[in-house]
Amino acid sequence: MLGILSFFIIFGVIVTVHEFGHFYFAKKSGILVREFAIGMGPKIFAHIGKDGTAYTIRILPLGGYVRMAGWGDDTTEIKTGTPAALTLNAEGVVTRINLSGKQIDRTALPINVTAYDLEADLTISGLVLDEQKTYRVHHDATIIEEDGTEVRIAPLDVQYQNATVWGRLMTNFAGPMNNFILGVLVFIALVFMQGGTPNLQTAQIRATEGGAFAVAGGQSGDTILSIEGIEVSNWSDLQQAVETATKGLTAGSSLEIEVQKSSGQKETLVVTPLENSGSFYIGVMPALKTGLWDKIQGGFAQAWDTTFLILNGLRSLITNFSLNKLGGPVAMYQMSNQAAASGLESVLSLMAAISINLGIFNLIPIPALDGGKIVINILEAIRRKPLKQETETYITLAGVAVMLVLMIAVTWNDIMRVFF
């Protein structure tokens with residue numbers, strides 16, 4: 001149960017933060033955001049804000065989405081003959097079109113729609129008591145769709161295609177950017193929770209409770225000066241010295257480690273390393289840098305290291321492709337379950353890593369991903385004119401098809417690995 005909850009929290013937070021990036025910069029670019037949804041599936045709450053956006057919460061806690069006017073598959077389709085109810089203002093202009101079949105406004109005018117233009121001319125026509133009539137539609141009118149979701153109509157001037165190319169580019173980049181920001185902030189929070197960031201520039205250590213160093217009389221705050229005569233001055237030297245000193249060592253054998261106490265006194269400890277899978281450990285960790293700026297830098301450093309780890313993995317995937325190197329929702333659930341069993345810090349660490357991973361993945365220049373859209377925006381900036389909407393739609397559909405096939409293959413591979 002805890003694993004499922006962790007999965008929903010991790011996935012929900014990461015996707016919601018990603019979509020909020022698109023949402024914020026779309027609004028700044030003059031694009032109408034028709035809906036900002038948290039979760040998927042049937043809605044359980046909806047509210048239309050003063051900005052014209054419908055804010056909804058949906059029943060399945062699996063991320064969320066942003067519905068921008070004229071973006072992707074955002075369309076309003078009314079079949080000929082569809083019954084609707086029109087709410088008119090004092091000037092006889094339509095302010096709401098109700099397609100849900102539910103009685104929302106008792107004064108609404110019943111109509112069977114025969115024609116409509118909710119983008120350019122802003123009109124709707126139909127049969128009212130067997131008489132053909134046409135009504136003007138207000139620029140900021142809303143439409144209640146068949147599932148009961150009420151959103152603004154999408155006139156051409158507030159559609160994605162009519163924003164500046166730089167506004168569209170920033171809107172597409174903002175999702176991955178938010179994932180990077182989230183990853184950094186979570187890593188910084190982790191460093192604060194841990195009390196500091198490892199100080200790798202010195203050989204001062206923290207003694208593991210019950211470890212070989214602590215058993216021999218060592219304490220946190222000691223500085224290791226040498227191991228079996230091999231001088232050390234930082235954490236890298238210490239690791240190398242342990243590896244060199246334990247070569248050929250047999251279980252139960254001891255090492256002489258010279259340390260300097262926090263008081264300045266020097267001592268030589270006789271430490272019996274613990275053996276595990278052929279490697280020997282003396283039971284120490286790097287000391288922590290606990291300054292405010294040190295902690296913030298530590299969070300950035302962890303995010304940086306994670307980014308390059310992911311990029312190296314991506315390079316390996318490209319040069320030697322294998323489905324086993326990819327993971328879908330099943331693999332993510334499995335990792336969430338393992339992280340939940342290890343505690344809050346592991347859950348946060350996983351969230352930060354997946355957030356950065358999602359940001360990088362979305363910047364891959366594949367149509368349907370944010371990276372593919374950014375490439376199109378750059379081409380438009382170079383050409384100084386937009387691609388035909390039909391061309392962009394075909395390119396996006398091709399990308400969606402590729403991603404869908406890949407997702408099915410990855411998910412099936414995950415299921416086979418986990419359950420069979």
Side-chain angles (χ1 to χ4, degrees), residues 6-29 31 33 35-39 51 53 55 61-68 71 160 163 166-194 196-198 289 291-314 327 332 335-336 339 344-366 368-375 377-378:
S6 297
F7 171 76
F8 284 145
I9 291 174
I10 291 172
F11 194 76
V13 169
I14 289 173
V15 175
T16 300
V17 167
H18 177 97
E19 296 300 334
F20 182 78
H22 293 313
F23 165 79
Y24 180 81
F25 281 94
K27 289 173 67 66
K28 288 292 183 182
S29 303
I31 302 167
V33 179
E35 182 182 359
F36 181 85
I38 297 177
D51 56 359
T53 299
Y55 298 90
L62 295 172
Y65 59 88
V66 168
R67 182 178 170 186
M68 286 183 270
W71 193 47
Y160 171 83
W166 298 112
R168 280 178 279 149
L169 191 152
M170 196 62 220
T171 297
N172 290 321
F173 177 70
M177 179 184 72
N178 266 21
N179 284 131
F180 297 136
I181 293 172
L182 175 64
V184 170
L185 291 178
V186 173
F187 274 129
I188 290 174
L190 268 173
V191 172
F192 273 87
M193 290 173 64
Q194 293 162 355
T197 186
K289 293 188 284 187
L292 175 63
W293 183 241
D294 290 324
K295 292 176 181 177
I296 294 173
Q297 283 184 314
F300 274 98
Q302 288 192 33
W304 185 263
D305 292 342
T306 300
T307 298
F308 273 89
L309 189 65
I310 294 168
L311 289 174
N312 286 333
L314 183 61
M332 185 174 168
M335 290 188 292
S336 301
L344 179 60
E345 290 186 8
S346 294
V347 172
L348 291 176
S349 181
L350 179 63
M351 178 187 291
I354 291 179
S355 185
I356 292 173
N357 190 32
L358 181 64
I360 293 172
F361 178 77
N362 265 283
L363 287 178
I364 297 174
I366 296 175
L369 294 180
D370 294 326
K373 296 184 179 73
I374 290 170
V375 169
N377 296 148
I378 293 172

Check [X] against [Y] and note the closest heavy-atom contact, atom names and distance.
X: Glu345; Y: Leu190; result: O-CD2, 3.5 Å
X: Gly359; Y: Pro176; result: O-CB, 3.5 Å
X: Ala353; Y: Ile310; result: O-CD1, 3.8 Å
X: Ser6; Y: Val347; result: OG-CG2, 4.2 Å
X: Ala352; Y: Gly183; result: CB-O, 3.7 Å
X: Met68; Y: Val33; result: CG-CG2, 4.2 Å

**OP:** Mark yes when over 12 heavy atoms from residues, nucleotides or ligands other than Phe8 sit less than 6.0 Å from its CZ; otherwise mark no.
**Re:** yes
Tell me whether [X] contacts the main-chain N or O of [Y] through its side chain, where contact means a donor paired with an acceptor under 3.5 Å.
X: Ser355; Y: Asn179; answer: yes
X: Ser29; Y: Gly167; answer: yes
X: Thr306; Y: Gln302; answer: yes

Rounded distance [0.5 Å steps], [atom1] in [X] versus [atom2] in [Y]:
X: Thr53; Y: Glu35; atom1: OG1; atom2: CD; result: 9.5 Å
X: Asn362; Y: Ile374; atom1: CG; atom2: CD1; result: 9.0 Å
X: Gln194; Y: Leu348; atom1: CD; atom2: CG; result: 9.5 Å
X: Ile188; Y: Met193; atom1: CD1; atom2: CE; result: 14.0 Å
X: Met170; Y: Asn377; atom1: CE; atom2: CG; result: 11.5 Å
X: Ile181; Y: Leu185; atom1: CD1; atom2: CG; result: 7.0 Å

Subject >> Verdict with reasoning, Ile14 to His18, per side chain to side chain contact (heavy atoms under 4.5 Å, CB included) >> reply: CA-CA 6 Å; Ile14 289 173; His18 177 97; 5.6 Å; no
Fit a plane to each ring of [X] and [Y], take the angle between them on a 0 to 90° scale, and name the class: parallel (under 30°), tilted (30 to 60°) or perpendicular (over 60°).
X: Phe7; Y: Phe11; result: parallel
X: Trp71; Y: Tyr160; result: tilted
X: Phe36; Y: Phe23; result: tilted

Original post:
Yes or no on side chain to side chain contact (heavy atoms under 4.5 Å, CB included) for Phe180 and Ile360, after CA distance, side-chain angles and deciding distance?
Top reply: CA-CA 8 Å; Phe180 297 136; Ile360 293 172; 3.7 Å; yes
Subject >> Output field: ring centroids Trp304/Phe300 closer than 6.0 Å >> reply: no
Subject >> Trace of the side chain to side chain contact (heavy atoms under 4.5 Å, CB included) decision for Phe20 with Val17 >> reply: CA-CA 5 Å; Phe20 182 78; Val17 167; 5.6 Å; no
Original post:
Does Leu363 reach the side chain of Phe173, with side-chain heavy atoms less than 4.5 Å apart?
Top reply: yes
Original post:
Thr171 and Lys373: side chain to side chain contact (heavy atoms under 4.5 Å, CB included), yes or no, with the steps?
Top reply: CA-CA 10 Å; Thr171 297; Lys373 296 184 179 73; over 6 Å; no
